[in-house]
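Let me begin by presenting the structure, written as structure tokens, before commenting on it.
The analysis underlying the following values was restricted to heavy atoms, covering all of them including side chains, and did not include hydrogens, waters or symmetry mates.
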2 protein chains.
Amino acid sequence: MFRLSKKTEYAILAMQYLAEKSGEPVSAKEIATSLGISFEFLSKSLQSLMKSGLVNSQQGIKGGYHLVGTPDVISVMDIIQAVSENVGIVECMTDSDCVRSCTCDLKDPMSVLQSKVNEVFTQTFLADLANETQNNQILKNDFKILNGIN
Amino acid sequence: MFRLSKKTEYAILAMQYLAEKSGEPVSAKEIATSLGISFEFLSKSLQSLMKSGLVNSQQGIKGGYHLVGTPDVISVMDIIQAVSENVGIVECMTDSDCVRSCTCDLKDPMSVLQSKVNEVFTQTFLADLANETQNNQILKNDFKILNGIN
DNA sequence: TGTAAATAGGACTATTGTTATCCTAATTTA
DNA sequence: TAAATTAGGATAACAATAGTCCTATTTACA
């Protein structure tokens, strides 16, 4: 298994929604309704994004959220880090007291992978996620076929 | 959170261990002891690798596991797929009945990410994980500093 | 031929993390 | 003041992970 949490997924989708409606504040309720997900759970993601300064919020009627910065400078890693404590692909990467550190310090297979995964997430920006259109569905289908999913 | 399961982690580490001892059968017990992990849990990973044909096994005294193929052709994706059912970064990628499919088919942010992550895992081979040496510790430390881990 | 060491794998349990909900408070506009 | 909104703590339900236990089977070798 190798999966982003729903909290992360919703954060990414919400950020993209905000990117489309650049400027005007958008309420959590509108985003939740549009994506068909739980309003209250989505709120947790938005509050985390708020804490990290990726979005700003305005309370009260006519309130809502809007992006801080433009989609071409907000990376997926920014979003992942905003909503989750640990972003390492394995425990060793985030825990300072790894029991195996003495045996795998020199040749650490996971560090190689971690670097590559990091590169993907830090070099993919909100703008990149929205740029592609029909292509994505093709990629998605290819992936499903590759994995034998009907 | 964005993490490989222990089952996957152990599978990768075990495969690398086998790669180092190319040829001779290595017992699960030896690998478990060397890595300092549960023998019985590691066995689950090895049995999955066996089912997928990435390793061969020999029962009985002097038995053990050995790689099928060389480290330069075995990809990390091969290993991930061997030990886990779902390899999509989000549910939508592996479930055919995604409730949001109608709203995000054309502009699917997750497909872009999925493709990039797939590329990392399919283009990283067992050999790549062992190639680097001192460098990895530096990368690992950089990563920890980047994330404020002491 | 018996024993020890090894894989194979089913069943089960404990733990953890995720996901979701509920509730209350604070803020803001009209 | 009322309605709509964010803020956030508490907690419950659920699912996945991680790990253990047990038994069966295979095999080398004394």
Side-chain angles (χ1 to χ4, degrees), chain A residues 1-11 13-14 18 24-33 35-66 80 82-91 94-95 99, chain B residues 1-11 13-14 18 24-33 35-66 80 82-91 94-95 99:
Chain A
M1 176 90 71
F2 182 66
R3 184 157 288 185
L4 295 171
S5 67
K6 292 277 181 195
K7 198 180 171 195
T8 303
E9 180 184 354
Y10 294 169
L13 294 174
L18 292 179
E24 50 186 317
V26 183
S27 74
K29 195 176 178 185
E30 175 184 334
I31 302 173
T33 303
L35 296 177
I37 61 183
S38 153
F39 153 73
E40 293 183 332
F41 191 56
L42 171 66
S43 292
K44 305 296 182 190
S45 296
L46 289 166
Q47 284 165 24
S48 294
L49 293 170
M50 175 71 192
K51 270 190 186 168
S52 298
L54 296 183
V55 302
N56 263 340
S57 69
Q58 191 185 355
Q59 285 190 328
I61 293 183
K62 301 281 178 189
Y65 298 88
H66 66 270
I80 292 175
V83 299
S84 47
E85 288 298 308
N86 299 321
V87 294
I89 60 171
V90 293
E91 197 179 356
T94 52
D95 277 27
V99 290
Chain B
M1 175 91 70
F2 181 67
R3 186 155 286 186
L4 295 171
S5 67
K6 291 279 182 195
K7 199 180 172 196
T8 303
E9 181 184 352
Y10 295 169
L13 294 174
L18 291 180
E24 49 184 320
V26 182
S27 73
K29 195 176 179 185
E30 175 183 336
I31 302 173
T33 302
L35 297 177
I37 61 182
S38 153
F39 153 74
E40 293 182 332
F41 191 56
L42 171 66
S43 293
K44 304 297 182 189
S45 297
L46 288 167
Q47 284 164 25
S48 294
L49 293 170
M50 175 71 193
K51 270 191 185 167
S52 298
L54 296 183
V55 302
N56 262 340
S57 69
Q58 192 185 352
Q59 285 190 329
I61 292 184
K62 302 282 178 186
Y65 297 90
H66 64 270
I80 292 175
V83 298
S84 47
E85 287 299 307
N86 300 321
V87 293
I89 59 170
V90 292
E91 198 179 354
T94 51
D95 277 28
V99 290

Taking the side chain of Ser57(A) as heavy atoms from C-beta outward, which of dA7(D), dT7(C), dT19(C) is closest to it?
dA7(D)
Rounded to the nearest 0.5 Å, what separation is found between the CG atom of Leu13(B) and the NZ atom of Lys6(B)?
9.5 Å
Report the distance from atom CD of Glu30(B) to atom C1' of dT7(C), rounded to the nearest whole Å.
15 Å
Just do the side-chain contact (heavy atoms from CB on, under 4.5 Å) check on Leu35(B) and Tyr10(B) with the steps written out, would you?
CA-CA 9 Å; Leu35(B) 297 177; Tyr10(B) 295 169; 5.8 Å; no
Lys7(A) has an atom NZ; how far is it from atom P of dG8(D), in whole Å?
12 Å
Short N/O separations, protein against nucleotides 22-26 of chain D, under 3.5 angstrom:
unit_1, atom_1, unit_2, atom_2, d
dT26(D), O4', Gln59(B), OE1, 2.5
dT26(D), O2, Gly60(B), N, 3.4

For Ala14(A), check side chain to side chain contact (heavy atoms under 4.5 Å, CB included) against everything at least two apart and list the hits.
Ile31(A), Leu42(A), Leu46(A)
Return each pair, listed once, that meets side-chain hydrogen bond (donor to acceptor under 3.5 Å, both in side chains) where at least one residue sits in residues 39-48 of chain B; pairs must be two or more places apart or across chains.
Lys7(B)-Ser48(B)
Ring pair (Phe, Tyr, Trp, His ring centres under 6.0 Å) filter on Phe39(A), not counting sequence neighbours, yields none
Output side-chain donor-acceptor pairs under 3.5 Å for residues 53-62 of chain A, partner residues at least two apart or in another chain, one line each.
none

Once you round it to whole Å, what is the distance between C1' of dA8(C) and CG of Leu46(B)?
12 Å
Under the side chain to side chain contact (heavy atoms under 4.5 Å, CB included) test, residues paired with Thr33(A) that sit two or more places apart:
Lys29(A)
Rounded to whole Å, please give me the gap between NZ in Lys62(B) and C1' in dT3(C).
15 Å
Considering only heavy side-chain atoms of Gln58(B), the closest of dA28(D), dA8(C), dA7(D) is dA28(D)
Between protein and nucleotides 10-15 of chain C, what N or O pairs are separated by less than 3.5 Å?
unit_1, atom_1, unit_2, atom_2, d
dG10(C), O6, Lys44(B), NZ, 2.6

Rounding to 0.5 Å, atoms CD (Glu91(A)) and CG (Leu4(B)) come to a distance of 12.5 Å
Rounded distance (Å) that lies between atom P of dT27(C) and atom CE of Met50(A):
13 Å
Ser27(B) side-chain N/O to dA5(C) phosphate OP1/OP2 under 4.0 Å:
no
Round to the nearest Å and state the distance from Tyr10(A) atom OH to dT18(C) atom P.
14 Å
Check whether any side-chain N or O of Ser43(B) sits under 4.0 Å from OP1 or OP2 of dA8(C), and answer yes or no.
no
Just the rounded figure in Å: distance from P of dT28(C) to OH of Tyr65(A).
13 Å
Glu91(B) CD - dC14(D) P separation (whole Å):
16 Å
